[in-house]
Amino acid sequence: MSTISRIFRTFSTSVVKSPAKTIYDELYKERNLKTVVQKFKKLSQSHLFRKQANVYNNTVHRLASAKKHKWVEEILEDQKQYDDISKEGFAIRLISLYGKSGMFDHAHKVFDEMPERNCLQTVKSFNALLGACVNCKRFDKVDEVFKQLPEKISVKPDIVSYNIVIKAYCEMGLFELASSMFDEMRCNGINPDLVTFNTLLIGFYGNGRFDDGEIFWDKMMNNASISPDIRSYNARLVGFVHEKKLTKAVDLIENLGCLKPDEFSYNAIINGFCNNGDLEEAKKWYTKLVESDSAPNKATFATLIRFASKMCDFDWAAELFKQSFEQKCVVDPYVMQLVIDGLVKESKTEEAKKLVGIGKSSKVRRYNLMMPADE
DNA sequence: AAAGAGTGAC
């Protein structure tokens, strides 16, 4: 579920600003998902509607997050009646939407049906299928698709294909295979790009393979055609934090040159100080984040509210609690309840009641937080 | 219209 949210995150945020938002307001404002399905199918009859990729992303995301996979199937299968399905781009959209919804067999079926719909299978739809393996965590299928399919359908894997396979190996914890794929792609005349390096850096630094991370960091720095971006630096920050090298991490975030730290950079540092039990530094870096061009997000609040509660700084926890609502960040109710319980324990009953009220009235997410006496 | 890289964790 959290994986699904992450995969769709880019789309749902862009949808907010998209003009489709106003045109299809009726669909977005509908709270009843069964009605959403009916309305979506009705709207799909319009050729113009079917061009709106964002409406598809948004709707499928809503249904998949609510675990209504039958309804995802209902709206996506319904699309096959339109001529658009013989265009590769439309098939790719269905494959990737099924993939993001965790429905691998459906994704594979759309791919398999392409020839009978006179739709050419190029490396792009091949990559969409490969991506669906990873998004559905069907790692057993990755090798099968990557090693057998290209020959069957006469496509040549490209840089995107290799990047997807490298990500799959990193997620499987098969770091040696991820490294060897990096060598193999170069033998096949495909040069690693920024995505390749960032995938490997995140895989290594994020999983306790600091030394391997450093090897690829050096390779990237020595590669004249690659300019590391903030994601590359953030991966290394996470690596330093894992290694408990906080001085190194702080030095890195303060010396990014022309790059600007983002919320992921700050979160990495904040995580480090929380793990060290350093309340003062955690507060300091939270303030820096608030004063920066970025804003704290769900992960920031989840970490800090939990940490402040653990350190019994319930005044700060309450402050963060309120901030998280102002920023419309949805944090696990269990963490929010920690703050209420802590305030009550310190006899700050009025403040606790106030927070319960904020939770009940929130439009972002209605929390059913309780005063300990209610339980 | 269309494929690939990220944060927490009872």
Side-chain angles (χ1 to χ4, degrees), chain A residues 1-3 5-7 9-10 47-57 79 82-97 99-100 107 111 119-135 155 157-168 170-171 185 190 192-203 205-206 220 228-238 241 262-272 274-275 289 294 296-307 309-310 324 329-335 337-338:
Chain A
M1 167 102 166
S2 67
T3 311
S5 318
R6 208 178 316 130
I7 293 166
R9 191 185 52 226
T10 338
H47 176 247
L48 284 173
F49 177 85
R50 296 199 300 274
K51 287 191 170 185
Q52 303 295 322
N54 271 338
V55 194
Y56 281 68
N57 287 323
Q79 303 300 312
Y82 303 108
D83 287 347
D84 311 46
I85 192 68
S86 56
K87 298 276 187 289
E88 191 185 16
F90 198 76
I92 288 172
R93 191 197 292 171
L94 299 188
I95 293 168
S96 82
L97 286 170
K100 286 164 188 159
F111 183 83
C119 186
L120 194 66
Q121 292 163 321
T122 73
V123 69
K124 291 185 182 177
S125 42
F126 168 75
N127 288 342
L129 182 64
L130 202 51
C133 299
V134 180
N135 286 337
V155 301
D158 65 4
I159 178 72
V160 176
S161 323
Y162 281 101
N163 289 346
I164 297 169
V165 172
I166 287 174
K167 183 181 179 205
C170 287
E171 288 206 4
M185 66 193 282
I190 293 167
D193 66 2
L194 183 58
V195 176
T196 318
F197 279 104
N198 285 351
T199 305
L200 285 162
L201 294 174
I202 290 161
Y205 284 130
M220 178 179 66
D229 66 359
I230 191 62
R231 288 185 182 207
S232 326
Y233 281 88
N234 288 346
R236 194 162 187 241
L237 280 175
V238 168
V241 168
D262 63 10
E263 64 269 38
F264 293 89
S265 329
Y266 288 101
N267 284 354
I269 303 283
I270 288 171
N271 281 330
C274 289
N275 292 339
L289 167 55
S294 307
N297 61 15
K298 199 177 131 181
T300 322
F301 288 118
T303 305
L304 287 179
I305 294 173
R306 179 188 299 276
F307 179 60
S309 302
K310 190 180 157 203
S324 77
C329 291
V330 178
V331 176
D332 191 337
Y334 166 81
V335 177
Q337 187 66 48
L338 289 176

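The sequence lines fix the lettering, A, B, ..., with proteins before strands; numbering per chain opens at 1.
Picking from B/dA3, B/dG8, B/dT7 the nucleotide with the shortest atom distance to the side chain of A/F264 gives B/dT7. Of all nucleotides listed (B/dG8, B/dC10, B/dG4), B/dC10 comes nearest to the side chain of A/Y334. For A/R93, the side-chain atoms get nearest to B/dA1 when compared with the rest of B/dG4, B/dT7, B/dA1. Closest to the side chain of A/D229, from the set B/dA5, B/dG8, B/dA3, is B/dA5. With distances taken from any side-chain atom of A/N267 to the nucleotides B/dT7, B/dG4, B/dC10, the minimum falls on B/dT7. When the nucleotides B/dA3, B/dG8, B/dA1 are ranked by their closest atom to the side chain of A/I92, B/dA3 comes out on top. Out of B/dG6, B/dA5, B/dT7, the shortest distance to the side chain of A/T199 is found at B/dA5. If you check B/dT7, B/dA1, B/dG8 against the side chain of A/N297, the one that comes closest is B/dT7. In this structure, the nucleotide among B/dG4, B/dA1, B/dT7 sitting nearest to the side chain of A/I164 is B/dG4. Relative to the side chain of A/V195, the nucleotides B/dA5, B/dA3, B/dG6 differ in distance, and B/dA5 lies closest.
Across all strands, A/N271 comes closer than 4.0 Å only to sugar-phosphate atoms, never to a base (heavy-atom distances). When heavy atoms are screened at a 4.0 angstrom cut-off, A/I159 is found touching base atoms of the nucleic acid.
Looking at A/N198 and A/D229, their side chains come closer than 4.5 Å, going by heavy atoms from C-beta outward.
Nucleotide B/dG6 holds its P atom 16 Å from the CG atom of A/L237, rounded to whole Å. Rounding to whole angstrom units, CZ of residue A/F126 and C1' of B/dA2 are separated by 16 Å. Following rounding to the nearest Å, A/Q79 (CD) and B/dA2 (C1') show an atom-to-atom distance of 15 Å. Distance CZ (A/F111) to C1' (B/dA3): 12 Å, rounded to an integer number of Å. Rounded to whole Å, the distance from CG on A/D262 to P on B/dA5 is 16 Å. In this structure, A/D158 atom CG and B/dA3 atom C1' are separated by 8 Å, rounded to whole Å. When rounded to the nearest whole Å, the span between CD1 of A/I85 and P of B/dA2 equals 13 Å. With rounding to whole Å, A/Q121 atom CD is found 19 Å from B/dA2 atom P.
You won't find any donor-acceptor pair under 3.5 Å spanning the side chain of A/D332 and the base of B/dG8, going by distance alone.
Checked by atom type and distance alone, the side chain of A/E88 pairs as donor or acceptor with a backbone atom of A/S125 at under 3.5 Å. Using modelled atom types, no side-chain atom of A/Q79 and backbone atom of A/I85 make a donor-acceptor pair closer than 3.5 Å.
Residue A/R231 places none of its side-chain N or O atoms closer than 4.0 Å to OP1 or OP2 of B/dT7. Phosphate contact (OP1/OP2 of B/dG6, side-chain N/O of A/K167, threshold under 4.0 Å): present.
A centroid separation of less than 6.0 Å is found between the aromatic rings of A/F49 and A/Y56.
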- Message: If you apply the rule side-chain hydrogen bond (donor to acceptor under 3.5 Å, both in side chains), what do you find for A/S294 with A/D262, and how did you get there?
- Response: CA-CA 6 Å; A/S294 307; A/D262 63 10; 5.9 Å; no
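A cation-pi arrangement is present between A/R50 and A/Y82, with the terminal nitrogen or guanidinium carbon under 6.0 Å from the aromatic centre and inside a 45° cone about the axis.
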